[in-house]
There are 2 protein chains.
Amino acid sequence: MSQAVTSVPHPIPVDLSDLIAQRFRVIGEPLRIRLLDHLRDGESSVHALTNALGATQQNVSKHLQVLFQAGIVARRKDGTTAMYRIVDSSVFDLCELVCGGLQRQVAEMNAVVRGETR
Amino acid sequence: MSQAVTSVPHPIPVDLSDLIAQRFRVIGEPLRIRLLDHLRDGESSVHALTNALGATQQNVSKHLQVLFQAGIVARRKDGTTAMYRIVDSSVFDLCELVCGGLQRQVAEMNAVVRGETR
DNA sequence: GGCATTGACAACTGTACGGTCGTAGACCAT
DNA sequence: ATGGTCTACGACCGTACAGTTGTCAATGCC
């Protein structure tokens, strides 16, 4: 699907780098990552997410707003509750890639600590 | 060994979300993205990167420091010049994934603008 | 109707960080 | 040795943003 394009040649346009950076910053918040992780099970309400994450309702609502404006989640009003769901699931691929890099670094640090201290 | 790629089950640990978020913030700066994009062609010196990006030497050095401490680039001293190279090429996969999401959004916005406003 | 609950918005505060300036240290050439 | 070049470090300033608090609109329940 969206696997095809992904141009971004070496001379990356400045505007594009701004957009990409902005996107990364949106996902670069711990609470937002945990929010998305919970939404992985399906759509959920602000109240449920608030209880699940142990954060205040206002803060959860605020971060969901950021994710909504970034086009990562969608909102649906169900009577009195607002239901949020993920519409751009590529964020999970991003997290998995990052985790791969982190695990690589941990392994490397382990090797160093265990005796190859340079 | 550390081959277990991308665990991160639904109840994501808070510590891990912090690590992932920190990682995203490292890449979430336009200048750093452009820096990495230039290093895609191979290792380069601070001076060369400074000229290529039109930024100040101090700023380039500073951002390279951040990328270095994050384990994304490596440093090599060649006489009087410092040569930087990429050691974690997964950042490019990250950028491509983000670009895919962006293009999807642009396409959607185009569709809306062109008449399906409904 | 009156009350409680849910979610969003606005204002505020503290902190973190990007960018710049100045300077110190290391290396090379003459 | 001296001057010039390249890089890194420390300090400062301005901005951006995360988190909190307070308030209001909308809805459901009695």
Side-chain angles (χ1 to χ4, degrees), chain A residues 12 14-15 17-39 43-85, chain B residues 12 14-15 17-39 43-86 91:
Chain A
I12 189 172
V14 179
D15 296 343
S17 67
D18 289 346
L19 280 177
I20 296 176
Q22 185 181 348
R23 189 81 169 191
F24 278 129
R25 300 199 92 159
V26 170
I27 326 176
E29 294 306 315
L31 189 55
R32 288 203 274 266
I33 291 179
R34 290 163 61 204
L35 239 16
L36 291 171
D37 179 61
H38 269 270
L39 287 176
E43 69 176 3
S44 182
S45 67
V46 178
H47 183 61
L49 291 170
T50 299
N51 290 338
L53 297 181
T56 64
Q57 179 267 323
Q58 296 91 333
N59 208 16
V60 168
S61 179
K62 187 179 187 177
H63 285 294
L64 286 173
Q65 198 82 1
V66 174
L67 293 172
F68 174 71
Q69 290 181 354
I72 299 177
V73 301
R75 184 193 300 158
R76 180 175 69 86
K77 295 283 288 186
D78 180 19
T80 171
T81 64
M83 304 296 290
Y84 284 89
R85 67 179 186 279
Chain B
I12 189 173
V14 179
D15 296 343
S17 67
D18 289 347
L19 280 177
I20 297 177
Q22 185 181 347
R23 190 80 167 193
F24 277 128
R25 299 201 92 159
V26 169
I27 326 174
E29 294 306 315
L31 189 55
R32 288 204 273 266
I33 291 179
R34 289 163 62 203
L35 238 15
L36 291 172
D37 180 60
H38 269 268
L39 287 176
E43 66 177 6
S44 181
S45 66
V46 178
H47 183 62
L49 291 170
T50 298
N51 289 338
L53 297 180
T56 65
Q57 177 267 322
Q58 295 93 329
N59 209 15
V60 169
S61 179
K62 190 179 187 176
H63 284 295
L64 286 172
Q65 198 83 1
V66 174
L67 292 172
F68 173 71
Q69 290 181 353
I72 298 177
V73 302
R75 185 192 299 159
R76 181 176 68 87
K77 295 284 288 187
D78 181 19
T80 173
T81 64
M83 303 297 289
Y84 284 88
R85 70 179 183 280
I86 290 179
V91 290

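Each chain gets a letter, A, B and so on, in the order the sequences are listed, and its residues count up from 1.
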Atom [atom1] of [X] and atom [atom2] of [Y]: how far apart are they, to the nearest 0.5 Å?
| X | Y | atom1 | atom2 | value |
| --- | --- | --- | --- | --- |
| B/I33 | A/I20 | CD1 | CD1 | 5.0 Å |
| B/L64 | B/L35 | CG | CG | 4.5 Å |
| B/M83 | B/T81 | CE | OG1 | 5.5 Å |
| A/H38 | A/R34 | NE2 | CZ | 7.0 Å |

Heavy atoms only: give me the nearest [X]-[Y] pair and the separation to one decimal.
| X | Y | answer |
| --- | --- | --- |
| B/V66 | B/R32 | CG1-NH1, 3.7 Å |
| B/L49 | B/V60 | CB-CG1, 4.1 Å |
| B/A48 | B/S45 | N-OG, 3.1 Å |

Which whole-number value in Å describes the distance from [X] [atom1] to [N] [atom2]?
| X | N | atom1 | atom2 | value |
| --- | --- | --- | --- | --- |
| A/Q22 | D/dC17 | CD | P | 9 Å |
| B/D18 | C/dA16 | CG | P | 14 Å |
| B/Q57 | C/dG25 | CD | P | 16 Å |
| A/F24 | D/dA16 | CZ | C1' | 20 Å |

Worksheet item: Between A/R25 and B/T50, which has a closest nucleotide on DNA chain D that is more 5'?
Response: B/T50
Worksheet item: Does B/Y84 put a side-chain nitrogen or oxygen below 4.0 Å from OP1 or OP2 of D/dC6?
Response: no
Discussion item. I want to check one thing: is the phosphate of C/dG18, taken as OP1 and OP2, less than 4.0 Å away from some side-chain N or O of B/R32?
Written reply: yes
Donor-acceptor list for residues 68-77 of chain B side chains, cut-off 3.5 Å, not counting sequence neighbours:
{"unit_1": "B/R75", "atom_1": "NE", "unit_2": "B/Y84", "atom_2": "OH", "d": "3.0"}
{"unit_1": "B/R75", "atom_1": "NH2", "unit_2": "B/Q65", "atom_2": "OE1", "d": "3.0"}
{"unit_1": "B/R76", "atom_1": "NE", "unit_2": "B/E43", "atom_2": "OE1", "d": "3.4"}
{"unit_1": "B/R76", "atom_1": "NE", "unit_2": "B/E43", "atom_2": "OE2", "d": "3.4"}
{"unit_1": "B/R76", "atom_1": "NH2", "unit_2": "B/E43", "atom_2": "OE2", "d": "2.4"}

Response to the item:
A correct 5'-to-3' footprint of nucleotides 19-30 of chain D, with B, S and - meaning base, sugar-phosphate only and no protein heavy atom under 4.0 Å, is BBBB--------
Worksheet entry | Expected output: side-chain B/T50 to main-chain B/V46 donor-acceptor under 3.5 Å | yes
Practice prompt. List in numerical order all residues of residues 64-78 of chain A for which some heavy atom is under 4.0 Å away from an atom belonging to DNA chain C.
Written response: A/Q65, A/R75
Discussion item. So B/T81, base contact, sugar-phosphate only, or nothing? Heavy-atom distance under 4.0 Å.
Written reply: sugar-phosphate
